[in-house]
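Computed from a predicted structure; not experimentally measured.
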Protein chains: 2
Amino acid sequence: MSELHQIAATRLGAIRQRYTDGRRSLVDRLSAAGAPVTIPELLSLGDEPMAQSSAYRNLAVLEQAGVVHRITASGDFARFELAEDLTEHHHHLICSSCGAVEDFTAPAALERTLTKAVDDIAAARGFDARQHRLDLIGVCGNCT
Amino acid sequence: MSELHQIAATRLGAIRQRYTDGRRSLVDRLSAAGAPVTIPELLSLGDEPMAQSSAYRNLAVLEQAGVVHRITASGDFARFELAEDLTEHHHHLICSSCGAVEDFTAPAALERTLTKAVDDIAAARGFDARQHRLDLIGVCGNCT
DNA sequence: CTTCCTGCAAAAGTTTTGCATTAAC
DNA sequence: GTTAATGCAAAACTTTTGCAGGAAG
């Protein structure tokens with residue numbers, strides 16, 4: 001059992017949820033995708049078929065457990081990816097033309113600056129910042 | 001006629017669209033709101049009633065014209081605000097508990113660092129970056 | 001054996017579209 | 001006078017929910 005699945009199982013257990021085949025399969029599919037994917041993509045991705053309702057329900061559970069993160073890049077469908085602490089902290093290149101989303105990582109120095117600045121601002125506003133989100137919107141290589 | 005409306009009229013004209021009362025009213029409502037608002041909020045905000053379908057259609061036109069920006073903060077409804085160059089470049093504090101969105105501006109030094117770093121990264125990936133988006137997700141003062 | 005996850009189908013809720021009328025150019 | 005925007009209602013589409021059957025603890 002890979003470390004990824006162990007962590008997932010632990011986090012589900014923490015909120016008294018089971019790590020079933022369907023949920024494991026979702027984690028596998030997300031891990032294989034390596035980038036945020038939509039539900040239709042998730043359904044077509046795997047080897048075994050999966051009910052759409054189960055995907056929605058289980059992704060909600062996995063999100064509550066902190067295993068999966070839901071992002072809403074402008075587009076028809078919401079997109080899902082593994083939680084940041086299961087991959088590595090990263091950001092998104094969002095193509096405003098085709099809706100594709102790519103990951104990128106920022107230099108550590110930038111991240112440090114960002115985190116500090118952002119925490120200061122939030123604190124001054126009585127806001128308890130849990131995470132930041134830095135996305136680039138533009139046009140990807142395929143669409144130019 | 002305020003400068004805001006002049007700019008809106010010009011940009012609509014550039015894509016051969018009219019600046020009608022309904023569209024002017026949307027710009028007014030967005031300007032009055034001062035923060036990203038949902039369509040139901042927009043409809044209830046104004047003095048005169050407005051058809052939901054007109055709101056959706058006109059916001060789409062205004063977005064194409066570059067007058068309005070659509071953000072999809074996780075929540076049921078999409079939110080709309082005036083384009084950044086009609087207000088001032090800013091970011092969002094998004095409450096993951098109640099879905100409220102607040103604006104904030106970052107220190108100029110941080111913005112410079114951010115813009116440069118972000119352009120470099122995008123360029124290296126063959127991505128034509130048009131704008132960046134920096135949001136803080138956390139819990140607002142009302143929800144703690 | 002009890003609890004809860006799964007899959008199917010139907011409902012709910014947000015956004016889009018057709019069509020006749022009205023307003024803008 | 002021609003072209004396009006408005007409002008109403010209905011359709012489309014994403015996401016959620018009820019329910020019966022089956023798997024997990």
What does the list of N/O pairs under 3.5 Å between the protein and nucleotides 23-25 of chain D look like, with a distance for each?
none

Output side-chain donor-acceptor pairs under 3.5 Å for residues 46-63 of chain A, partner residues at least two apart or in another chain, one line each.
{"unit_1": "A:Asn58", "atom_1": "OD1", "unit_2": "A:Arg23", "atom_2": "NE", "d": "2.8"}
{"unit_1": "A:Asn58", "atom_1": "OD1", "unit_2": "A:Arg23", "atom_2": "NH2", "d": "3.3"}
{"unit_1": "A:Asn58", "atom_1": "ND2", "unit_2": "A:Ser54", "atom_2": "O", "d": "3.2"}

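- For A:Asn58 and C:dC5, the shortest distance from a side-chain N or O to OP1 or OP2 is not below 4.0 Å.
- Evaluation of the salt bridge (Lys or Arg N to Asp or Glu O under 4.0 Å) test over residues 27-36 of chain B, restricted to residues two or more places apart or in two chains, returns none.
- Counting only heavy atoms from C-beta outward, the side chains of B:Thr10 and B:Tyr19 never approach each other to under 4.5 Å.
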Identify each atom pair where a protein N or O and an N or O of nucleotides 16-18 of chain C are less than 3.5 Å apart, giving names and distance.
{"unit_1": "C:dG18", "atom_1": "O6", "unit_2": "B:Arg57", "atom_2": "NH2", "d": "3.1"}

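- Protein atom CZ of A:Arg23 is 6 Å distant from nucleotide atom C1' of C:dC5, rounded to whole Å.
- The end-to-end axis angle of the helix from C:dC1-D:dG25 to C:dC25-D:dG1, rounded to 10 degrees and based on five pairs per end, is 40°.
- If you take CG of B:Asp76 and C1' of C:dT14, they are 9 Å apart, rounded to a whole angstrom.
- Every residue two or more places apart in sequence or in another chain that forms a side-chain hydrogen bond (donor to acceptor under 3.5 Å, both in side chains) with A:Arg125 is listed here: B:Glu102.
- In the hydrophobic clustering, B:Leu134 connects to A:Leu93, A:Phe104, A:Leu110, A:Leu114, A:Val118, A:Ile121, A:Phe127, A:Leu134, A:Leu136, B:Leu93, B:Phe104, B:Leu110, B:Leu114, B:Val118, B:Ile121, B:Phe127, B:Leu136, either directly or through intervening members, whenever side-chain heavy atoms lie under 4.5 Å apart.
- Remark: P of C:dA12 and CZ of B:Phe77 are 16 Å apart, rounded to the nearest angstrom.
- Between A:Thr105 and A:Glu88 there is a side-chain heavy-atom pair separated by less than 4.5 Å.
- Separating the CZ atom of A:Arg24 from the P atom of C:dC5 is a distance of 14 Å, rounded to the nearest angstrom.
- Taking A:Arg18 as the reference, nothing meets the salt bridge (charged side-chain N to carboxylate O under 4.0 Å, His left out) condition, with sequence neighbours excluded.
- Counting heavy atoms from C-beta on, the side chains of B:His5 and B:Val27 come closer than 4.5 Å.
- Annotation for B:His92 and B:Asp103: closest pair CD2-OD1, 3.2 Å, computed over non-hydrogen atoms.
- In the region residues 27-50 of chain B, proximity to DNA chain D at under 4.0 angstrom, judged on heavy atoms, holds for none of the residues.
- Pairs of residues two or more places apart, or lying in two chains, that qualify as salt bridge (Lys or Arg N to Asp or Glu O under 4.0 Å) and include a residue from residues 37-46 of chain B are B:Glu41-B:Arg79.
- A donor and an acceptor atom, one from each side chain of A:His69 and A:Gln131, are nowhere located under 3.5 Å apart.
- Sorted by first and then second residue, the pairs that involve residues 111-122 of chain B and meet side chain to side chain donor-acceptor pair (under 3.5 Å), not counting sequence neighbours, are B:His89-B:Glu111, B:His91-B:Glu111, B:Glu111-B:His132, B:Lys116-B:Asp120.
- The salt bridge (charged side-chain N to carboxylate O under 4.0 Å, His left out) check on A:Asp85 picks up A:Arg11, with sequence neighbours excluded.
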